[in-house]
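First up is the structure itself, then whatever we jot down about it.
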Protein chains: 2
Amino acid sequence: MNIGEVSKKAALPAKTIRYYEDIGLITPLRDPNGYRCFRDADMHKLAFLGRARTLGFTIEDCRALLALWNDQSRASADVRSIAKEHLAQVEKKISDLQEIRDTLSHLVRECVGDERPDCPILKSLEEFPSREHA
Amino acid sequence: MNIGEVSKKAALPAKTIRYYEDIGLITPLRDPNGYRCFRDADMHKLAFLGRARTLGFTIEDCRALLALWNDQSRASADVRSIAKEHLAQVEKKISDLQEIRDTLSHLVRECVGDERPDCPILKSLEEFPSREHA
DNA sequence: ATGGTGCTTCCAGCAACTGGAAGGTCAAGG
DNA sequence: CCTTGACCTTCCAGTTGCTGGAAGCACCAT
């Protein structure tokens with residue numbers, strides 16, 4: 001399989017696949033003409049990577065998960081701890097964003113948004129030294 | 001005021017402040033010795049920037065907001081539309097992350113996490129070609 | 001004079017790609 | 001046989017928003 005076909009099947013841009021090879025996540029063979037030659041195992045890895053990435057695992061997480069995936073004697077606890085750690089980060093990010101959303105939507109609701117220069121949003125950005133306590 | 005003092009007051013790293021000058025968000029004066037010399041107006045801008053950045057506005061958003069802030073004849077609608085756009089992006093991100101969180105927490109719950117190699121998380125990453133429809 | 005801290009500039013690097021240029025390869029059509 | 005066009009290759013640069021570090025002045029206290 002050439003990169004184009006793999007790209008379609010794995011739903012990953014060819015550029016991304018080349019990048020994954022660059023950083024050592026996959027090592028496809030080469031045809032005599034220099035074209036990358038992907039086997040089913042490569043496809044599987046790429047599908048795995050695509051899935052893990054859409055779940056927001058970092059590339060280094062993916063590297064670790066791939067290693068565990070390839071390790072027949074791995075303990076499932078190892079995988080679980082990576083996933084749990086990542087889950088915690090996702091939850092933190094959600095709550096940070098929720099706070100931001102609340103502030104923003106409050107500001108947007110307060111702002112009439114007409115032709116007058118008076119703007120509560122700017123006023124708030126100006127007057128609210130949020131990090132004073134830092 | 002030198003950069004160190006401003007850095008403390010605005011709760012922004014000195015590196016960040018220099019970076020903001022580099023990209024033209026602020027233009028502090030210089031003392032004869034070459035040191036940056038910040039006036040109150042610079043401080044205000046930096047505080048404004050810090051606040052806007054903690055709310056997740058991009059640098060380019062900040063540039064636009066600063067320009068509006070400095071524009072006495074601005075329409076508050078202009079500010080509002082930037083904030084609304086950003087709010088929409090934040091909300092999108094929250095819901096994306098919530099989906100990820102749900103999937104992840106489901107996986108983590110399913111996984112016993114013991115010494116056995118059998119791992120539902122890896123299995124799911126393997127078997128679930130999430131982007132097939134792309 | 002010496003030490004320590006603070007300031008300067010510039011260069012490199014992070015994550016995870018993405019875009020584009022310059023060029024080789026292959027299959028089809030004339 | 002030649003051309004066209006799609007596909008492949010490599011390499012370099014850019015993205016966002018900083019951050020780290022090196023090399024070298026500036027300033028103040030002793």
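So you know, we letter chains A, B, ... as the sequences are listed, proteins then strands, and number each from 1. The shown structure was predicted, so the numbers you read here are calculated from the model rather than taken from an experiment. We use all heavy atoms of the structure for the numbers below, so side chains are in, but hydrogens, waters and symmetry mates are not.
- Salt bridge status for A:K15 with A:E21: absent, with no side-chain N to carboxylate O gap under 4.0 Å.
- Distance, B:E21 CD to D:dT19 C1': 17 Å, rounded to whole Å.
- The 12-atom threshold is exceeded at CD of A:E110, counting heavy atoms of other residues, nucleotides or ligands nearer than 6.0 Å.
- Under the salt bridge (charged side-chain N to carboxylate O under 4.0 Å, His left out) criterion, A:R109 pairs with no residue at all, not counting sequence neighbours.
- Within the 4.5 Å cutoff, the side chain of A:L25 has no heavy atoms near those of the A:L46 side chain.
- Here the straight-line distance linking atom NE2 of A:H86 with atom CG of B:L104 works out to 5.0 Å at 0.5 Å rounding.
- Tracing side-chain contacts under 4.5 Å through hydrophobic residues (I, L, V, M, F, W, Y), one reaches A:L66 starting from B:L125; they form part of the same cluster.
- Salt bridge A:R63/A:E60: present, at least one basic N to carboxylate O contact under 4.0 Å.
- Residues from residues 78-100 of chain A placing a heavy atom under 4.0 Å of any atom in DNA chain D do not occur.
- The same ILVMFWY cluster, assembled from side-chain heavy atoms under 4.5 Å apart, contains both A:L49 and A:M43.
- When rounded to the nearest whole Å, the span between CD1 of B:I17 and P of D:dG20 equals 15 Å.
- For the pair B:R18 and D:dG20, the criterion of a side-chain N or O lying under 4.0 Å from OP1 or OP2 is not met.
- Close to D:dT16, at under 4.0 Å from its OP1 or OP2, lies no side-chain N or O of B:T58.
- Among pairs with a residue in residues 92-104 of chain B, those fulfilling salt bridge (Lys or Arg N to Asp or Glu O under 4.0 Å) read B:K92-B:D96, at least two apart in sequence or across chains.
- As rounded to whole Å, 7 Å separates atom C1' of D:dT16 from atom OH of B:Y19.
- One axis for each end of the helix from C:dA1-D:dT30 to C:dG30-D:dC1, each built from five base pairs, and the angle between them comes to 30° at 10° resolution.
- Looking at heavy atoms from C-beta onward, B:S124 lies out of side-chain contact with B:I121 at the 4.5 angstrom threshold.
- For residues 24-35 of chain B, proximity to DNA chain D is found at B:N33, B:Y35, defined as any non-hydrogen atom under 4.0 angstrom from a strand atom.
- Atom P of nucleotide D:dT9 and atom CG of A:D22 are separated by 11 Å, given to the nearest angstrom.
- Contact detail for A:M1 and A:D40: the closest heavy-atom pair is CE-OD1, 4.2 Å.
- The outermost nucleotides of DNA chain C lying under 4.0 Å from heavy atoms of chain A, listed 5' to 3', are C:dA16 to C:dC26.
- Taking atom CD1 of B:I23 as the reference point, atom P of D:dG14 lies 17 Å away to the nearest angstrom.
- For the atom pair A:L87 CG and A:I82 CD1, the distance stands at 13.5 Å (nearest 0.5 Å).
- Closest to the side chain of A:N2, out of D:dT9, D:dC8, D:dC18, is D:dC8.
- A:F57 comes within 4.0 angstrom of no nucleic acid atom, judged by non-hydrogen atoms across all strands.
- Counting to the nearest Å, the P atom of D:dC12 and the NZ atom of A:K15 are 13 Å from each other.
- Atom CG of A:D42 is separated from atom OH of A:Y20 by 14.5 Å, given to the nearest 0.5 angstrom.
- With hydrogens and angles ignored, the 3.5 Å screen pairs a side-chain donor or acceptor of A:R74 with a backbone N or O of B:P117.
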